[in-house]
Amino acid sequence: MIEFRAASNQDTIPMFIAPTLRAFKTQFAANLQTMLETDSLGAFILVLANSMQDQPLFDLLHHDLNRAFEALKACPPHEPPDDLSVFNALTNTGIQHFSGWQHHPLDPWELVINPLRSLRPARFSGEIFQELHQPFDAGKFHFNKPFLRPEILWEDSWQGTPLRVLYNKFPFAPWHLLVVPDPAQNLPQYLTAQHHALIMALVTAQAAVLPGLGMAFNSIGAYASVNQLHFQGFVREAPFPIESAGWQHNGGQEAYPIECWRTDSAHESWQLIAQLHQANQPYNLLYRANGCYILPRKGQGTVELPTWAQGIGWHELCGVLTLSDRQLVGTTGGEISQELAKLHHQHG
């Protein structure tokens, strides 16, 4: 397989989005402001959803958001059905109904109340799992649609591979991104050794430049919502619950609710992923500076979800549960562990 080498201290690290974390956050906010000037409904929804993750970001954007919302109500837009459905819901409640994210620790897990996330379309993640490899379908939603151009944060090459980075329209992780490698190739959401090694190298190389940068991957059947090859980027300096030293996969004594492997080797991790592909086994991945976490799991639609979950993808399996309201706050960490354990797959 192809190995991408992470830059050493003596090398010049190829830039990914911005040269510093401060510059990244400045660019992230500035592009959101610019997007609101288009009077596009899709852009409005994206900016509103992203503004709720961070109070300074909300303070910067809320006047422009109110202006844009009133303009859209005065002149109802002709937009894609998904956006119109969200807009109708917002019109019924008003945008003030949706509060910023609220964080609640629930040892060993975390809860994040994110009301606007409940309006997100299900798309591919609503389907029942059958096969990991599904041919790319240009007739379905994908990241090359012309109307998504304003949602691009950055587009360039990294170590020779073209990357397109878009905002996540309904974010649930801090500074949430969609990272599409080789977008012109129309690749399905089926990981390759080359792209796996690229993302491991990128996350490792950027650790000192963009502290907290990580990537994640949902396979088909593990709540990937779009069948075009993409990763989910984020900037979170605090470790996820799955990164705790107490778990067995990190050298501790505690068993994680579902099977989890961790390795800092792109080759070793790819060998494990390749086995999952051969077995038609859905999985989620987390890429951090200290390695790749691999989570094989039962496929979507084969296990009844708890009432609080729209789906259980990489974020939930890494220990952070996104809720649309406060209904789960007050339950116990053990009860959440039991729900996650239902996704544990059986070898055979």
Side-chain angles (χ1 to χ4, degrees), residues 1 106-110 125 128-133 173 189-193 195-197 199-200 203 214-224 231-232 234 236 239-306 308-322 332-348:
M1 66 174 282
L106 192 65
D107 189 45
W109 315 114
E110 298 176 19
S125 63
I128 297 174
F129 171 69
Q130 293 182 326
E131 294 288 337
L132 274 182
H133 186 278
Q189 183 71 345
Y190 190 78
L191 192 55
T192 67
H195 292 114
H196 169 67
I199 295 300
M200 281 200 74
V203 170
M215 299 280 178
F217 182 85
N218 292 333
S219 78
I220 295 296
Y223 287 93
F231 299 83
Q232 296 187 36
F234 56 86
R236 175 186 160 119
F240 283 94
I242 199 173
E243 298 178 81
S244 170
W247 300 117
Q248 289 175 354
H249 56 258
N250 292 324
Q253 300 298 315
E254 197 75 21
Y256 206 65
I258 73 167
E259 189 167 14
C260 178
W261 307 316
R262 182 182 71 82
T263 174
D264 61 3
S265 163
H267 177 73
E268 289 179 7
S269 52
W270 177 251
Q271 296 306 308
L272 294 168
I273 294 166
Q275 292 174 24
L276 298 177
H277 284 185
Q278 186 173 15
N280 195 39
Q281 175 66 57
Y283 61 92
N284 304 96
L285 304 176
L286 175 68
Y287 297 88
R288 293 294 254 170
N290 66 346
C292 179
Y293 294 78
I294 305 168
L295 295 142
R297 41 83 61 79
K298 290 181 179 177
Q300 68 194 50
T302 65
V303 176
E304 185 177 356
L305 291 174
W308 47 264
Q310 284 187 305
I312 297 181
W314 72 268
H315 203 231
E316 290 79 14
L317 287 191
C318 291
V320 183
L321 288 75
T322 300
T332 67
E335 289 171 329
I336 293 174
S337 298
Q338 290 173 10
E339 292 293 345
L340 296 180
K342 292 177 182 178
L343 292 169
H344 181 79
H345 82 111
Q346 301 297 320
H347 294 285

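Scope of the values below: all heavy atoms of this structure, side chains included, with no hydrogens, waters or symmetry mates. Note that the structure is predicted; figures quoted are calculated from it, not measured.
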Contacts of H277 meeting ring pair (Phe, Tyr, Trp, His ring centres under 6.0 Å) (sequence neighbours excluded), chain-then-number -> Y190, W270, Y283

Is the backbone N or O of Q130 less than 3.5 Å from a side-chain atom of N280, with the two atoms forming a donor-acceptor pair by type? yes

List the residues meeting side-chain hydrogen bond (donor to acceptor under 3.5 Å, both in side chains) with E110, not counting sequence neighbours, and say none if there are none. R236

With ring centroids as reference points, do H195 and F231 lie under 6.0 angstrom apart? no

Donor + acceptor pair across side chains of N290, Y293 (<3.5 Å): yes

Apply ring pair (Phe, Tyr, Trp, His ring centres under 6.0 Å) to F129 and list each qualifying residue two or more places apart in sequence or on a separate chain. none

Can you list every salt bridge (charged side-chain N to carboxylate O under 4.0 Å, His left out) pair that touches residues 241-254, not counting sequence neighbours? E243-R288

Could you tell me whether a side-chain N or O of R297 sits under 3.5 Å from a main-chain N or O of I312, the two making a donor and an acceptor? yes

Quick check for you: to the nearest 0.5 Å, what is the distance between I258 atom CD1 and L340 atom CG? 7.5 Å

Indicate whether any N or O donor in one side chain lies under 3.5 Å from an N or O acceptor in the other, for E259 and H345. yes

Please list, chain by chain and in numerical order, all residues satisfying side-chain hydrogen bond (donor to acceptor under 3.5 Å, both in side chains) with Q189, sequence neighbours excluded. H230

Checking Y256 now: which residues fulfil ring pair (Phe, Tyr, Trp, His ring centres under 6.0 Å) with it, not counting sequence neighbours? W109, W247, H249

